[in-house]
Amino acid sequence: MHQLGKALGATVIATARNKENEEFCRNQGADYTFNPEEQTFEEAIAEFTDGQGVNVIYDTVGKDAYANAVNSITIGDEWC
């Protein structure tokens, strides 16, 4: 999925639970990666987007990852 986002011109942010998976995500096109057990979604998204939030989320995991990701969506110029 990282490749599709890159092909569409997106900046891709991926979550990974270990360094090997972070490297895999970057090799697949992710611009930024973070471990949600080490850094909150809010902190990581704010850091990677200069506080702007994200426009699109693709989540295959669900549960807490989904809820945290949805809280990072921007609507217009406002971060929800």
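Computation of the quantities below employed the complete heavy-atom set of this structure, encompassing side-chain atoms and omitting hydrogens, waters and symmetry-equivalent molecules.
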Can you tell me how far the [atom1] atom of [X] sits from the [atom2] atom of [Y], to the nearest 0.5 Å?
{"X": "Y32", "Y": "T11", "atom1": "OH", "atom2": "OG1", "value": "6.5 Å"}
{"X": "L4", "Y": "Q28", "atom1": "CG", "atom2": "CD", "value": "12.5 Å"}
{"X": "T33", "Y": "Q39", "atom1": "OG1", "atom2": "CD", "value": "9.5 Å"}

Which residues pass the salt bridge (charged side-chain N to carboxylate O under 4.0 Å, His left out) test with E38, not counting sequence neighbours?
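Scan of E38 (salt bridge (charged side-chain N to carboxylate O under 4.0 Å, His left out), adjacent residues dropped) gives none.
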
Under-4.0 Å salt bridge between R26 and E22:
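Looking at E22 together with R26, the answer is yes, because their closest N to O distance falls below 4.0 Å.
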
Heavy-atom count check: over 12 atoms from other residues, nucleotides or ligands less than 6.0 Å from F48 CZ?
yes

Which atoms form the tightest heavy-atom contact between [X] and [Y], and what is the distance?
{"X": "R17", "Y": "N35", "answer": "O-ND2, 3.0 Å"}
{"X": "D31", "Y": "A10", "answer": "OD2-O, 3.8 Å"}
{"X": "P36", "Y": "T15", "answer": "CD-CB, 4.0 Å"}

Are the side chain of E43 and the backbone N or O of T40 linked by a donor-acceptor pair below 3.5 Å?
yes

Shared hydrophobic cluster for F34 and V54 (ILVMFWY, side-chain gaps under 4.5 Å):
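Both belong to a single hydrophobic cluster.
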
